[in-house]
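For reference, the structure is listed below as structure tokens.
Quantities reported herein were computed from a predicted structural model and do not represent experimental measurements.
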Amino acid sequence: MAKKLNKNLVIVLSLAGFALIIVLSVLMIMQLKKTDPERNRQMAEAHYEQGDLRTAIRLYGMAWQNGNDERDLVRQGELLLEFGDERRAMQAWNMARTSNPALVEAYEKPIELDLRRARLSRDNVTWSRVLEVSSKLKEQDTANALAHNATGLALIGLKDRDERNEREGEEALQRAVQLAPEEIDYALDLMIHYYQKRFVAKQDGEFEEATRWEKKAEDFATTLKERFASAGKSSTKLYLALARVAGLDKNDELAMSYFKKALELAEDDDEALFDAKFGLGQYFQTKWVAALRRTGKTEQTDKLYEDAIARFRECIDIDKEDCGSYIELAKMYRIGEEFEKAWTVCEERIELGLKHARKGLTGIIEVMQWTDL
């Protein structure tokens, strides 16, 4: 009897020991998963696809801590930017750059963000920061087109500090186009620079100089029309830029012909079509506001109002997720004193949810705050 009990006890203890080993193994595997950077990345992207940016950001932080791969910080910065936290995004990229000075992406991301800021604010502090980081990027990669483009834009933005800046800036923009001739954005920056030089010369009464710059701009625009002749996003961007230039020149007929061409080239590409319709909507919007201030409400302003609203509505039909169309449409209704419609448009977008659209929430809330029902 005692032997049987001892045997049973041994079996029980053995089974208990085996079960304990299994539990410990499972716990160890779970812990390993928590400290496995690749697993962290997979989970982060899964949460990102579900719209859970907070968790995705945290998991990329864990991936960095567990794997010391600076690319995790770069990706975390991208998610922080999408979440609307520009300050922490910059911190993540700066940390990546400090840890790995050779990582090109750690320079490119903050340059892209600061370029967007500088184009809007045009303040010397931001342009100086763009120049500093783009110069460091050129040290790491002398053939980096973004670095040359950003350097050029920054030098032109800082032209008041040194008369040589503008000439050197133009050369840097040209270099960016040489390095990446297929990149439409770099080409457009150079083309717009030529047109701006023409505009300034004309304002200053230097008509011969204005004619010289206009020829340079037109010749380059012709080159770009040939280079980006195929339908798609790049050619659409080109004709939208030309339409805006024509609009600034108050040449409405030419502007509309360029918008028509942009729409034709964008027809089979939803993203390009969205850009074309949004650009046309903004064009009508600008003309409507200007006419409203100049003449008050008239039949002409009513037509511009309806045209702008129709274009922004078409943009929403193409991409219901994009917040920009809702914001511009709501602004139209607010300025037109159709406050209930403005509020309804904002509610439409909020009801869709804000997956991957956190930055747009600020604009929607701002419109709602100024919409007094």
Query - CA sep, side-chain torsions, deciding dist, call: E86, R117, salt bridge (Lys or Arg N to Asp or Glu O under 4.0 Å) - result: CA-CA 11 Å; E86 293 184 358; R117 289 170 166 174; 2.9 Å; yes

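- Grouping the Ile, Leu, Val, Met, Phe, Trp and Tyr side chains by contacts below 4.5 angstrom, directly or via other members, places L115 apart from V74.
- For the pair Q76 (side chain) and I57 (backbone), a donor-acceptor distance under 3.5 Å is present.
- In this structure, E82 and L53 have side chains that are in contact, with non-hydrogen atoms separated by less than 4.5 Å.
- Salt bridge K136/E132: present, at least one basic N to carboxylate O contact under 4.0 Å.
- Of the charged side-chain nitrogens involved, none lies within less than 4.0 Å of a carboxylate oxygen, so that R167 and E170 do not count as a salt-bridged pair.
- Although no hydrogens or angles enter the test, the distance criterion places no donor-acceptor pair under 3.5 Å between the side chain of N100 and the main chain of E70.
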Query raised in the report: Between D322 and S325, is a side-chain contact (heavy atoms from CB on, under 4.5 Å) present by the stated rule, with each step listed?
Result: CA-CA 6 Å; D322 187 89; S325 308; 3.9 Å; yes

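- Residues Q65 and Y60 have side chains that never bring a donor and an acceptor to within less than 3.5 angstrom of each other.
- Every residue was checked against the ring pair (Phe, Tyr, Trp, His ring centres under 6.0 Å) condition with Y195, not counting sequence neighbours, and none meets it.
- Counting only residues at least two apart or in different chains, side chain to side chain donor-acceptor pair (under 3.5 Å) contacts with residues 236-250 comprise D185-K237, R198-D249.
- In this structure, CZ in F207 is found 16.0 Å from CZ in R212, a value given to the nearest 0.5 Å.
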Report task. Using the side-chain contact (heavy atoms from CB on, under 4.5 Å) rule, take D252 and K287 through it: C-alpha gap first, then chi angles, then the decisive distance, then the call. Result -> CA-CA 10 Å; D252 291 334; K287 287 183 66 63; 3.0 Å; yes

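- Qualifying side-chain hydrogen bond (donor to acceptor under 3.5 Å, both in side chains) partners for S135, counting only residues two or more places apart in sequence or in other chains: none.
- Listed by first and then second residue, the salt bridge (charged side-chain N to carboxylate O under 4.0 Å, His left out) pairs that reach into residues 259-273 are K233-E271, sequence neighbours excluded.
- In the model, N251 has no side-chain atom that pairs as donor or acceptor with a side-chain atom of Y258 under 3.5 Å.
- In the hydrophobic clustering, where aliphatic and aromatic side chains (Ile, Leu, Val, Met, Phe, Trp, Tyr) are joined below 4.5 Å either directly or transitively, L248 stands alone.
- Put simply, CG on N124 and CG on L131 are 11.0 Å apart, with the number rounded to the nearest 0.5 Å.
- For the 3.5 Å distance criterion, the side chains of T222 and D219 fail to qualify, holding no donor opposite an acceptor.
- When only modelled atom types and interatomic distance are considered, D36 and N66 share no side-chain donor-acceptor pair under 3.5 Å.
- Side-chain contact, E108 with N144: a donor N or O sits under 3.5 Å from an acceptor N or O.
- Placement of Y186 and V245 within a single hydrophobic cluster is found when ILVMFWY residues are connected by side-chain heavy-atom separations under 4.5 Å, directly or transitively.
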**Report entry** Test salt bridge (Lys or Arg N to Asp or Glu O under 4.0 Å) applied to E166 and K197, step by step
**Finding:** CA-CA 10 Å; E166 191 165 28; K197 290 292 290 182; 3.2 Å; yes

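- Heavy atoms only, all atoms of each residue included: P101 and Q140 are closest at O-CD, 3.1 Å.
- Proximity of E340 to Y333: side-chain heavy atoms (C-beta onward) are nowhere separated by under 4.5 Å.
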Less than 3.5 Å apart, which donor and acceptor atoms pair up between the side chains of residues 306-317 and the rest of the protein, not counting sequence neighbours?
residue, atom, partner, partner atom, Å
D307, OD1, K303, NZ, 3.2
D307, OD2, K303, NZ, 2.8
R311, NE, E314, OE1, 2.9
R311, NH1, D307, O, 3.4
R311, NH2, E314, OE2, 3.1
R313, NH1, E348, OE1, 3.4
E314, OE1, K277, NZ, 2.9

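- Ring geometry for W288 against Y305 counts as tilted: the plane angle lies between 30° and 60°, on a 0 to 90° scale.
- Separating the CG atom in L238 from the CD1 atom in I184 is a distance of 5.0 Å, to the nearest 0.5 Å.
- V133 and M90 are not part of a single hydrophobic cluster, where members link through side-chain heavy atoms under 4.5 Å apart.
- Using a 30° and 60° split on the angle between ring planes, F259 and Y283 fall in the tilted class, from 30° to 60°.
- Looking at every heavy atom in both residues, S235 comes nearest to G232 through OG-O, 3.2 Å.
- Note that CD of E168 is 6.0 Å distant from CG of L155, once rounded to the nearest 0.5 Å.
- Residue pairs that meet the ring pair (Phe, Tyr, Trp, His ring centres under 6.0 Å) test with at least one member in residues 104-154, sequence neighbours left out, do not exist here.
- Comment: D189 engages R119 in a salt bridge, judged by a side-chain N to carboxylate O separation of less than 4.0 angstrom.
- Taking the side chain as every heavy atom from C-beta outward, I156 and Q196 never approach each other to under 4.5 Å.
- For the side-chain hydrogen bond (donor to acceptor under 3.5 Å, both in side chains) test, residues two or more places apart in sequence or in another chain that qualify with E78 are R75, K109.
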Query raised in the report: When you look at E183 and N149, which way does the side-chain contact (heavy atoms from CB on, under 4.5 Å) test go after all the steps?
Result: CA-CA 11 Å; E183 179 53 65; N149 173 260; over 6 Å; no

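- Residues Q282 and E328 bring no donor and acceptor atom of their side chains to less than 3.5 Å of each other.
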Report task. Determine, stepwise, if the pair R88 / D85 fulfils salt bridge (Lys or Arg N to Asp or Glu O under 4.0 Å). Result -> CA-CA 6 Å; R88 287 179 61 205; D85 195 336; 3.7 Å; yes

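- Using a 4.5 Å heavy-atom cutoff, the side chains of S257 and L254 are in contact.
- Taking the side-chain contact (heavy atoms from CB on, under 4.5 Å) definition, one finds that R227 meets it with V177, P181, T223, L224, sequence neighbours left out.
- Side-chain contact between E208 and T211: absent, with no pair of heavy atoms (C-beta onward) separated by less than 4.5 Å.
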**Report entry** Candidate pair R116 and E112, rule salt bridge (Lys or Arg N to Asp or Glu O under 4.0 Å), full reasoning
**Finding:** CA-CA 6 Å; R116 289 199 294 273; E112 289 167 357; 5.3 Å; no

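- A continuous path of Ile, Leu, Val, Met, Phe, Trp and Tyr side chains, each step under 4.5 Å between heavy atoms, connects L240 with I318, placing both in one hydrophobic cluster.
- Sorted by first and then second residue, the pairs that involve residues 288-297 and meet salt bridge (charged side-chain N to carboxylate O under 4.0 Å, His left out), not counting sequence neighbours, are K297-D302.
- Contacts of F199 classified as ring pair (Phe, Tyr, Trp, His ring centres under 6.0 Å), with partners at least two apart in sequence or in another chain: none.
- Under the side chain to side chain donor-acceptor pair (under 3.5 Å) criterion, the residue pairs touching residues 151-160 are S134-T151, with sequence neighbours excluded.
- In terms of heavy atoms, T126 sits closest to S121 at OG1-OG, 4.1 Å.
- Connection of W64 to L79 is not established within any shared hydrophobic cluster, with ILVMFWY side chains joined at heavy-atom distances below 4.5 Å, either directly or through further cluster members.
- Considering only heavy atoms from C-beta on, P110 comes within 4.5 Å of R97 through its side chain.
- Counting only distance, with no hydrogens or angles, the side chain of T301 and the backbone of T298 share a donor-acceptor pair below 3.5 Å.
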